[in-house]
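Step one of this worksheet: look at the structure below.
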Amino acid sequence: IAGTDPTGGAGIQADLKTMTLNGVFAMSVVTALVAQNTTGVTGIMEVSPEFLKKQIDAVFEDIPPDAVKTGMVASCGLIETIAERLGFYRAGNVVVDPVMGDHGKLYRAFTPEMVEGIGRMVRRAQVITPNITEACILLGESPAGGAVSTAAARSMLVRLGELGPEKVVITGVTLATGEYANICYDREHNS
């Protein structure tokens, strides 16, 4: 459940490729058509909450998915529709990629209400995959600038796990050791 990326590097197109390469039969629900290339986004045309609901219902009523991954959702109405429908269908194995900001900033179109909505989705997810900026936003902190110590990274992972998800993956973290990494946490095993 996400927006498109005509370049295939992100969004629905990237998710479909990744899932297919991992032997998963992937279905898609589009939240928005995005005009973008490697230099930036030039336009977004969202679907209505009513049409998003129809897409989700069409999938769940025919071939209920074993897992659901969310990506770019650019309005409160769409966030609420996704949360309501996933609750209605008792969706399991929900992965939430918050897609709220990057490079230390919230995306222009994101409002505090949208951040709250994504926060509610995060609390219902089994896995979340925020980047470092989104991790800070979810924790109510100013986005981190520069390298992060191992202790600070671990603290962020644990606190994000306390929000509800079983597993947390923070992507694109520059560690104080000089490594650029995705860092992971499993709440059940506290590791």
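The closest side-chain heavy-atom distance from Lys105 to Thr133 is not below 4.5 Å. Between Val168 and Cys184 the shortest side-chain heavy-atom distance does not fall below 4.5 Å. Between Asn131 and Ile170 there is no side-chain heavy-atom pair separated by less than 4.5 Å. Between Tyr107 and Val99, the closest side-chain pair of non-hydrogen atoms falls below 4.5 Å. Residues Asn182 and Val173 have side chains not in contact (no heavy-atom distance under 4.5 Å, counting atoms from C-beta outward). With a 4.5 Å cut-off on side-chain heavy atoms, Ile44 and Leu33 do not count as touching. Between Asn93 and Val68 the shortest side-chain heavy-atom distance does not fall below 4.5 Å. Side-chain atoms of Asn37 and Pro6, non-hydrogen and from C-beta on, never get closer than 4.5 Å to each other.
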N/O donor to acceptor pairs below 3.5 angstrom from side-chain atoms of residues 145-158, sequence neighbours left out:
{"unit_1": "Ser149", "atom_1": "OG", "unit_2": "Ala152", "atom_2": "N", "d": "3.0"}
{"unit_1": "Arg154", "atom_1": "NH2", "unit_2": "Asn190", "atom_2": "O", "d": "3.3"}
{"unit_1": "Arg154", "atom_1": "NH2", "unit_2": "Asn190", "atom_2": "OD1", "d": "3.1"}
{"unit_1": "Ser155", "atom_1": "OG", "unit_2": "Arg159", "atom_2": "NE", "d": "3.0"}

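Proximity of a side-chain donor or acceptor of Gln36 to a complementary backbone N or O of Gly43 within less than 3.5 Å is not detected. Side-chain atoms of Glu134 do not come within 3.5 Å of backbone N or O of Pro98 as any donor-acceptor pair. Side chain of Thr31 to main chain of Gly3: a donor-acceptor pair is present (N/O by atom type, distance under 3.5 Å, no hydrogens or angles). Under a 3.5 Å cut-off, the side chain of Ser28 and the backbone N or O of Ile12 do not form any donor-acceptor pair. With hydrogens and angles disregarded, no donor-acceptor distance shorter than 3.5 Å links the side chain of Arg187 to the backbone of Lys167. Using modelled atom types, one side-chain atom of Asn22 and one backbone atom of Thr18 make a donor-acceptor pair closer than 3.5 Å.
Note that CD1 of Ile128 and CG of Asp97 are 10.0 Å apart. Values are rounded to the nearest 0.5 Å. Here the CD-OG1 distance, from Glu116 to Thr111, works out to 8.5 Å after rounding to the nearest 0.5 Å. Interatomic distance, OG1 of Thr81 versus CD of Glu50, reported as 7.0 Å (0.5 Å rounding). To the nearest 0.5 Å, the span separating CD1 on Ile118 from CE on Met100 amounts to 6.5 Å. Going from atom CG of Leu86 over to atom CZ of Phe60 covers 5.5 Å, rounded to the nearest 0.5 Å. To the nearest 0.5 angstrom, Ile56 atom CD1 is 4.0 Å from Ile1 atom CD1.
By the salt bridge (charged side-chain N to carboxylate O under 4.0 Å, His left out) test, Arg123 pairs with no residue at all, sequence neighbours left out. Applying the salt bridge (charged side-chain N to carboxylate O under 4.0 Å, His left out) criterion to Glu179, with sequence neighbours excluded, gives no partner residue. Residues forming a salt bridge (charged side-chain N to carboxylate O under 4.0 Å, His left out) with Glu162 (at least two apart in sequence, or on another chain): none. Residues forming a side chain to side chain donor-acceptor pair (under 3.5 Å) with Glu61 (at least two apart in sequence, or on another chain): Tyr89.
Hydrophobic clustering (ILVMFWY, side-chain heavy atoms < 4.5 Å, transitive): Val24 and Val169 are in distinct clusters. Following chains of ILVMFWY side-chain contacts shorter than 4.5 Å, one cannot reach Leu16 starting from Val47, and the two form parts of different hydrophobic clusters. Neither Met45 nor Val29 shares a network with the other; the hydrophobic side chains, linked directly or stepwise wherever heavy atoms of I, L, V, M, F, W or Y lie under 4.5 Å apart, form separate groups for each. If you chain together hydrophobic residues whose side chains sit under 4.5 Å apart, Val73 and Leu163 fall into the same group. Follow the hydrophobic side-chain contacts under 4.5 Å out from Val30 and you never reach Val94; the two are in separate clusters.
Contact detail for Glu46 and Ala74: the closest heavy-atom pair is OE2-O, 3.0 Å. Minimum heavy-atom separation, Thr70 to Val96: OG1-CA, 3.4 Å. Closest heavy-atom contact between Asp5 and Ala10: OD2-N, 2.9 Å. For the pair Ile132 and Gly172, the tightest heavy-atom approach, listed with the atom from each and the gap, is CG2-O, 4.1 Å. The heavy-atom pair separating Lys69 from Asp15 by the smallest distance is NZ-OD2, 3.2 Å. Taking all atoms of both residues into account, the shortest heavy-atom contact from Ala26 to Met19 is CB-SD, 3.6 Å.
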Gln126 and Val95: CA distance, side-chain angles, deciding distance, side chain to side chain contact (heavy atoms under 4.5 Å, CB included) verdict: CA-CA 6 Å; Gln126 281 70 50; Val95 178; over 6 Å; no
Phe110 vs Val115, side chain to side chain contact (heavy atoms under 4.5 Å, CB included): CA-CA, chis, key distance, verdict: CA-CA 7 Å; Phe110 253 79; Val115 172; 4.1 Å; yes
Residue pair Leu138, Val122: steps toward the side chain to side chain contact (heavy atoms under 4.5 Å, CB included) verdict: CA-CA 9 Å; Leu138 287 168; Val122 160; 4.0 Å; yes
Side chain to side chain contact (heavy atoms under 4.5 Å, CB included) between Asp186 and Glu166, intermediate numbers included: CA-CA 6 Å; Asp186 181 329; Glu166 297 166 14; 5.8 Å; no
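Judged as a salt bridge (charged side-chain N to carboxylate O under 4.0 Å, His left out), the pairs with a partner in residues 72-87 (not counting sequence neighbours) are, in order, Asp57-Arg85, Glu80-Arg120.
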